[in-house]
Amino acid sequence: MVFILGVNFGEHKLVRKALESFYALGPQTARRILAKYTIHPTAKIGSLPPKTVTALTAELSTMTIENDAKRVVRDNIARLRDMGTYRGRRHAMGLPVRGQRTRNQTESARRLNQIERRG
Amino acid sequence: MSAPNSLRCLARPSAIIPRSLTSAPWIAAPFSTSAPSLAKAETRKGVMPGGHVRSGKKMQLGKFKKNAVRQGKSPLPGERKAYRKRIQLSNSNALPVPGLEDVRPADMVDENKIGRVMSIPGLVLDQLRDVEAFKPTQYWGMFRTPSTLLRAETVDLARRMQNAADKKDMLRLVISGERLTGKSLLLLQSLTYAFMNDWVVIHIPEAQELTTACTEYAPIPETDPMQYMQNNYCLRLLQGIRKANERVLSRLTCAHSHTDLPQNIPVNSTLLQLTNSAKEPEGAWLVFQALWKELMSQTATRPPVLLALDGLAHIMRVSDYMSPSFEPVHSQDLALVRLFCDALSGKSTLRNGGAIIGATSRGNTPRSPSMELSLTQRLAEQAGEEAPKHPPYAKGFDPRSEEALKSVRVVDLKGISKPEARGLMEYWAASGVFRAACDEKTVTRSWTLGGHGVVGEMERASLQTLRP
């Protein structure tokens with residue numbers, strides 16, 4: 001078991017997959033981080049030397065990921081709402097924001113479009 | 001001659017046993033009232049006595065699923081791959097071939113032995129196994145002892161190697177040719193020749209393992225442009241070198257002392273000790289470098305070196321690795337590949353003689369226009385014709401690869417001649433895997449079916465049904 005940024009990963013997990021499990025860290029960024037520390041794409045967590053693990057944690061702690069990234073999204077929604085824009089209002093009502101119809105199938109909007117957005 | 005039943009043990013059971021035998025026997029005899037048949041019928045639910053399956057419509061609620069069919073134990077991690085990649089070199093069910101001789105060093109340079117099948121001696125066999133010269137796709141497991149056909153190209157190559165060793169010269173050669181013409185096998189024969197003559201052999205069995213970003217890499221400090229070492233691969237390679245060349249390396253002593261290695265190696269310790277000092281991936285590249293430096297040393301007497309690689313196209317392109325600044329790394333910036341390419345292009349020399357042999361591969365190979373063009377140009381030059389020019393509008397060319405192949409000798413493998421085909425088929429017949437009489441007619445038929453003697457196609461046409 002190896003800790004990266006406080007999260008425990010199994011030895012057999014791919015490093016790329018482990019990185020992509022963080023919110024707001026996608027395939028592109030993960031590839032760049034792998035290249036930066038010369039880790040090959042099929043490397044597993046268990047094969048990383050401890051030095052690289054600490055370097056990865058240090059690298060990730062400087063990035064806007066996880067709660068920081070979620071906060072940015074929430075701030076953006078709050079800004080729209082405070083300005084009183086249509087998008088802000090629709091978020092507050094939990095309805096689709098981009099002109100979709102609301103007769104049926106607004107599950108995603110109901111789940112996601114909130115002022116205190118979770119995901 | 002063998003009985004047909006003994007041959008069946010070579011074949012897959014599914015190929016021989018008709019399908020109807022494996023299905024339930026009571027379907028064939030529906031009026032039978034014997035107890036076992038009835039018992040069997042009762043155990044199978046939903047099947048009518050006539051064998052009719054009446055499934056009908058069933059409602060299944062998600063929560064109460066029927067127990068899934070138990071498939072038995074699933075293979076452990078790595079077991080499937082090990083089965084796929086297993087190499088069987090002998091088969092005790094195959095007939096021993098009378099008059100089959102072990103190949104001797106003198107045979108491989110003897111013109112009179114062309115067209116003869118000769119077996120590989122046991123000692124060399126172990127060495128070849130250690131350097132991973134055998135491939136799972138080859139037909140070794142169908143014969144009693146691993147044997148190879150001495151072709152005209154084999155003798156020519158062995159002679160060139162002999163010349164190079166005598167003159168302390170360097171043979172730079174690429175084995176090319178259509179698929180299934182025996183490129184890897186010719187490489188294996190060159191390895192056999194080198195082992196039998198006490199050369200030091202370094203063999204990279206699959207170049208793709210180096211360049212498809214599947215093994216660890218790390219930048220080598222103080223190199224510009226940046227080069228990369230692959231410590232894990234180097235360690236594996238060194239272990240192979242140590243096992244295969246143990247006898248030769250234990251006779252040679254270090255001419256320099258190596259203090260920067262994981263283990264201090266003083267002057268006059270054997271090269272085997274030097275190779276043994278690589279125990280961990282860290283420092284494996286340094287040990288390899290030190291070994292190479294020792295082998296190239298001018299002050300001490302050293303045997304010739306054979307550096308061989310299979311799958312040349314993989315190192316003649318940009319690799320799948322990325323640099324820290326997120327740019328693709330060229331294959332020839334990987335230190336091990338660079339060492340091979342520098343030697344192949346003649347930029348670095350083997351001071352004590354030897355050979356650099358690369359074999360192209362036609363299966364699972366990336367497109368490398370530069371390599372293809374360079375090889376056609378070299379072939380045209382060898383034939384004294386005008387070399388084809390660089391196409392002005394075509395894309396994907398790679399100047400570094402062309403540089404590496406600028407002055408190599410190319411062996412273009414084609415089909416074997418009819419006398420060679422006859423020697424090979426007589427060996428098949430004597431081993432009991434080829435049933436028909438081996439006469440002029442059958443040989444010609446197989447030779448023609450195999451695209452004018454392409455060995456692999458001939459094997460396919462004649463032996464495929466027996467493939468285990």
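All chains are named by letter (A, B, ...) in the order of the sequence lines, taking the proteins before the strands, and each is independently numbered beginning at 1. No hydrogens, no waters, no symmetry mates; every other heavy atom, side chains included, goes into these values.
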What part of A:Ile39 is in contact with chain B, defined as an atom under 4.5 angstrom from a non-hydrogen atom: side chain, backbone, both or neither? backbone
Using distance alone, with no hydrogens and no angle check, list the donor-acceptor pairs under 3.5 Å between chain A and chain B.
{"residue": "A:Ser47", "atom": "OG", "partner": "B:Glu216", "partner atom": "OE2", "Å": "3.4"}

Which residue out of B:Pro324, B:Ala218, B:Pro281 racks up the most heavy-atom pairs below 4.5 Å with chain A? B:Pro324
Sort and list the pairs that fulfil salt bridge (charged side-chain N to carboxylate O under 4.0 Å, His left out) and have at least one residue in residues 91-119 of chain A, not counting sequence neighbours. A:Arg74-A:Glu116, A:Glu107-A:Arg110
